[in-house]
K.L.:
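I have a structure here, written as structure tokens, and I will follow up with some questions on it.
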Amino acid sequence: MLLHAGAGALLLGFALAPLWRAGLVGADLALFPADGTQVHTLSVLGDASLELSRSLFGTPGAAADLAARALRGENALFLFLSCLVFSALLRRTLRAWLGDEVGFAAQRAAVVLLPLHPWCALEVACIAARGELLGLLFAALAALAFLRARQESEQRWFAASFALALAAGFASAEAWLLAPLCGILEWIVARRHRSALARSRTTLSTLAAFALATIGPLFASGRGIALPPLDGSTLASALTGLGRVIVPVHPSTRDLARAALAGAALLLVLQPALVAARSAPRTWGRFALAWALLEVGCLASVPLSMPAAGADLSSLRWLCAPALCLGAACASAATAHSGWKRAVFPWVLALALLALDRPIVHAFPAATQRLERLVAEIAAHKPEPAAEFVLLAPPRVERGLELLPRGAASAWLSHAAGRERELVLLDTARISAWAASANFPAEVFVLQPSASVEAPFLADVLPAARSVQRRARADERFTWREKPGKHLVYDVDPRWLRCVRARLRPDAPHEGRPHLSWSYDQGALGAGLDGVWIEDGDTALALFDLGRDPHWLLCGRVRSIWLEGNESAVAEYELAPELVEPQLAEAPTIAQESFRARLAPTQPTECGLPGLRWRLVLFDPAAIEEVELEEAAGADGALEFRLPQEGWAAAGTEWCLEARVGEVCVARVRGRR
């Protein structure tokens with residue numbers, strides 16, 4: 001037995017070896033606040049364990065330092081000790097039905113197989129799983145003590161089992177799985193020769209006692225259990241969890257070779273159990289039924305425990321309990337017959353699990369390297385102290401693993417990069433909305449990291465790092481004329497001047513949609529923009545709204561502007577701060593659920609164009625988020641928009657009523673709630 005335990009420890013160490021080069025990522029980074037306050041996000045015992053480890057080894061970070069390695073080493077120790085106890089529990093369970101030889105063989109196989117399942121290795125890699133691992137260890141000890149107390153009629157083991165159940169409840173929200181486990185052990189093992197009525201009575205009392213012992217601490221600590229809705233999504237989550245346990249391949253990649261390997265290994269180890277079931281169908285049928293009930297209980301806890309962000313690789317650590325249940329079944333099945341199969345099949349499955357572990361465990365050092373490069377790139381840039389530092393489209397996922405803590409990503413990056421002011425993390429859509437609003441700062445430094453997973457935005461037309469500074473008194477409207485083929489050089493501040501009108505010569509032809517181009521800095525070309533034609537007597541006017549184009553708003557300084565295709569027909573260019581404003585009969589009415597505005601009888605020419613439609617754009621400066629609303633059916637000819645329910649009617653929200661022809665805005669009026 002000691003030889004198999006040592007072999008299991010060596011295989012587990014080999015499987016977890018890549019974690020030696022991995023620091024903390026994702027939710028693990030949020031466990032340790034930057035101000036040095038105590039950990040208070042896990043269970044009572046989980047928080048206490050992490051605090052004790054931090055006092056001994058220091059606060060871990062994104063680097064693979066001693067503290068991160070020590071935390072994962074402790075997780076590996078707790079997992080292996082839990083597997084040792086579960087293997088002893090499996091031996092006691094099988095010995096009562098099949099004898100000592102089969103029980104010992106299954107115990108030796110379980111010591112090797114249980115800790116190698118990929119979702120068990122994921123529990124070691126995730127520091128946030130400390131509470132679950134402690135709960136797993138205490139629950140295994142409680143179940144073993146309970147079974148020994150029932151088999152040997154020793155009351156002291158009863159007291160020990162309930163004390164350990166209480167400790168499991170204070171350690172993990174999944175500890176309630178101990179209740180069905182002990183109930184099944186009571187039914188199929190303890191006093192199994194008694195009548196069905198007597199066993200039913202003792203089974204129900206066991207279920208109630210251990211449920212109270214494990215759930216009570218959760219409510220005592222103020223956490224409780226949030227029951228999932230009993231609908232199709234819960235069933236789908238359970239079935240998906242079963243598939244991930246049986247075929248534990250990396251969820252973010254299509255790995256057909258490893259999926260085939262998992263299926264072949266599972267069918268191989270089940271073959272001895274199928275042969276044994278022919279000679280003892282009642283015994284193996286009871287075991288199969290008990291295993292199925294326990295697996296259903298484990299899978300039912302997955303929707304109960306799994307966070308909303310199920311796409312993150314670390315969220316699959318909640319599948320550890322059903323993975324251990326499957327591992328115990330595989331250890332029993334592979335050793336159901338004596339001979340060479342009993343000696344070889346568990347090792348075949350162990351090697352298959354090692355192959356399945358590799359892509360999952362290797363995700364952590366890869367994510368650590370990506371995060372370290374991101375922090376180094378931020379620290380290398382030194383913008384002006386007054387400038388707002390905007391990080392555009394930072395990488396957030398590496399091999400299915402979240403890099404930054406949710407809700408605290410900007411604060412953590414600022415602290416890690418040594419910046420006093422907090423960074424602003426935005427994507428392309430949000431920075432475009434922010435730049436078009438009145439809340440955009442006067443000085444901004446925008447950085448798009450080299451590892452950005454979004455399509456290049458700044459790098460297409462701008463340097464990857466751009467400093468934008470708004471000049472004072474640069475909002476005066478002006479006009480100019482250009483000679484064909486020559487563009488006058490200007491120094492236009494696009495933050496202030498956002499509307500271009502190009503008036504053609506009388507009777508000049510114009511077909512298709514007008515297109516405006518511009519150059520900036522050292523003659524580099526901008527992205528360009530489509531506009532709309534407006535008929536003004538015997539001339540045509542090309543109107544362009546640049547107030548929502550990020551390539552214009554963030555390009556620094558515009559040097560020249562020209563109309564593509566109709567350049568020789570342009571009589572005059574005009575650059576203005578804003579589009580014309582539609583005339584309102586009265587101030588808009590903003591209620592909790594609706595926005596109503598009444599137009600005046602007389603309107604600018606732009607508001608009478610064919611195909612005109614109205615849209616309401618809301619911008620939340622606090623969250624830097626934007627939403628566009630379509631016009632609803634309003635009474636008395638008023639424009640009415642149904643506001644969303646997520647706090648968009650709060651004070652400070654900017655609103656913008658726009659008249660659009662197609663996707664081009666031709667008139668705009670702004671306000672603030």
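All of these numbers come straight from a predicted model, not from anything done at the bench.
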K.L.:
Can you check whether E402's main-chain N or O pairs, donor with acceptor, with D312's side chain at less than 3.5 Å?
P.N.:
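Yes, the answer is positive, given that a donor and an acceptor are paired below the 3.5 Å cut-off.
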
K.L.:
With under 30° as parallel and over 60° as perpendicular, where do the rings of F445 and H381 fit, or are they tilted in between?
P.N.:
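Rings of F445 and H381: tilted, 30 to 60°.
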
K.L.:
For side-chain hydrogen bond (donor to acceptor under 3.5 Å, both in side chains), just list the numbers for S414 and E422, CA-CA rounded to whole Å, side-chain angles, deciding distance to a tenth of an Å, and then say yes or no.
P.N.:
CA-CA 5 Å; S414 305; E422 188 171 323; 5.6 Å; no

K.L.:
Mind checking what makes side chain to side chain donor-acceptor pair (under 3.5 Å) contact with E606, not counting sequence neighbours?
P.N.:
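By the side chain to side chain donor-acceptor pair (under 3.5 Å) rule, E606 matches no residue at all.
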
K.L.:
If every non-hydrogen atom of V666 is compared with every non-hydrogen atom of L579, which pair is closest and at what distance?
P.N.:
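For V666 and L579, the tightest heavy-atom pair comes out as C-CD1, 3.9 Å.
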
K.L.:
Determine the minimum heavy-atom distance between V375 and A416, stating which atoms define it.
P.N.:
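Shortest heavy-atom contact: CG1-O, 3.6 Å.
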
K.L.:
Would you find a donor on one side and an acceptor on the other, under 3.5 Å apart, between the side chain of D530 and the backbone of H515?
P.N.:
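No, because the side chain of D530 does not come within donor-acceptor range (under 3.5 Å) of the backbone of H515.
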
K.L.:
Specify the closest pair of heavy atoms between A409 and L425, including all atoms of both residues, with the distance to one decimal.
P.N.:
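Closest pair (atom of A409, atom of L425, distance): CB-CD2, 3.8 Å.
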
K.L.:
Step by step, would you call V25 with L371 a side chain to side chain contact (heavy atoms under 4.5 Å, CB included)?
P.N.:
CA-CA 8 Å; V25 294; L371 192 57; 4.2 Å; yes

K.L.:
What closest approach, in Å, do C665 and R660 show between heavy atoms, and which atom pair accounts for it?
P.N.:
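That would be CA-CG, 4.0 Å.
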
K.L.:
So which atom in A502 and which in V570 form the shortest heavy-atom distance, rounded to 0.1 Å?
P.N.:
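Here A502 and V570 meet closest at CB-CG1, 4.4 Å.
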
K.L.:
Could you tell me whether R501 and E572 make a salt bridge, using a distance below 4.0 angstrom between a side-chain N and a carboxylate O?
P.N.:
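Looking at R501 and E572, the cut-off is not met.
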
K.L.:
Apply ring-ring contact (aromatic ring centres under 6.0 Å, His included) to H510 and list each qualifying residue two or more places apart in sequence or on a separate chain.
P.N.:
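Only W533 meet the ring-ring contact (aromatic ring centres under 6.0 Å, His included) criterion with H510.
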
K.L.:
Just to verify, which of E631, E628, E663, E658 counts as forming a salt bridge (Lys or Arg N to Asp or Glu O under 4.0 Å) with R613?
P.N.:
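Going through E631, E628, E663, E658 one by one, the salt bridge (Lys or Arg N to Asp or Glu O under 4.0 Å) with R613 is satisfied by E663 alone.
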
K.L.:
Apply salt bridge (Lys or Arg N to Asp or Glu O under 4.0 Å) to D545 and list each qualifying residue two or more places apart in sequence or on a separate chain.
P.N.:
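Residues passing salt bridge (Lys or Arg N to Asp or Glu O under 4.0 Å) with D545: R668.
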
K.L.:
Run the side chain to side chain contact (heavy atoms under 4.5 Å, CB included) check on T368 and E398 step by step: do they pass?
P.N.:
CA-CA 9 Å; T368 298; E398 173 66 24; over 6 Å; no

K.L.:
Can you measure from OG1 (T605) to CG (L541) and round to the nearest 0.5 angstrom?
P.N.:
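The distance works out to 9.5 Å.
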
K.L.:
Quick one: does E377's side chain have a donor or acceptor within less than 3.5 Å of a partner on S450's backbone?
P.N.:
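Yes; judged by distance alone, with no hydrogens or angles, the pair exists.
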
K.L.:
Within this structure, what is the CZ-CD distance for the pair R642 and E630, rounded to the nearest 0.5 Å?
P.N.:
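Rounded to the nearest 0.5 Å, the CZ-CD separation comes out at 14.5 Å.
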
K.L.:
Among all residues two or more places apart in sequence or in another chain, which pass the side chain to side chain donor-acceptor pair (under 3.5 Å) test with N439?
P.N.:
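So N439 forms a side chain to side chain donor-acceptor pair (under 3.5 Å) with E654.
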
K.L.:
If I take atom CZ from residue R317 and atom SG from residue C126, how far apart are they, to the nearest 0.5 angstrom?
P.N.:
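If we round to the nearest 0.5 Å, R317:CZ and C126:SG are 5.5 Å apart.
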
K.L.:
Run the salt bridge (Lys or Arg N to Asp or Glu O under 4.0 Å) test against R421 and tell me which residues pass, sequence neighbours left out.
P.N.:
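Expected list: E388.
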
K.L.:
Using the side chain to side chain contact (heavy atoms under 4.5 Å, CB included) rule, take F544 and L575 through it: C-alpha gap first, then chi angles, then the decisive distance, then the call.
P.N.:
CA-CA 10 Å; F544 301 92; L575 191 56; over 6 Å; no

K.L.:
If I take atom CZ from residue F32 and atom OG1 from residue T59, how far apart are they, to the nearest 0.5 angstrom?
P.N.:
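Taking CZ in F32 and OG1 in T59, the distance rounds to 7.0 Å.
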
K.L.:
Give me the atom names and distance for the closest heavy-atom approach of L643 to L616.
P.N.:
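Shortest heavy-atom contact: CD2-CD2, 4.3 Å.
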
K.L.:
Only pairs under 3.5 Å count here: list side-chain donor-acceptor contacts from residues 581-588, not counting sequence neighbours, and write none if there are none.
P.N.:
| residue | atom | partner | partner atom | Å |
| --- | --- | --- | --- | --- |
| Q583 | NE2 | E581 | O | 3.4 |

K.L.:
Applying side chain to side chain contact (heavy atoms under 4.5 Å, CB included), run through F595 and L629 and close with a yes or a no.
P.N.:
CA-CA 10 Å; F595 177 100; L629 304 177; over 6 Å; no

K.L.:
Using 0.5 Å steps for rounding, measure from the CZ atom of R672 to the SG atom of C656.
P.N.:
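SG of C656 is found 12.5 Å from CZ of R672.
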
K.L.:
Measuring from atom CZ of R503 to atom OH of Y573, what distance do you get when rounded to the nearest 0.5 angstrom?
P.N.:
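R503 atom CZ to Y573 atom OH measures 13.5 Å (nearest 0.5 Å).
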
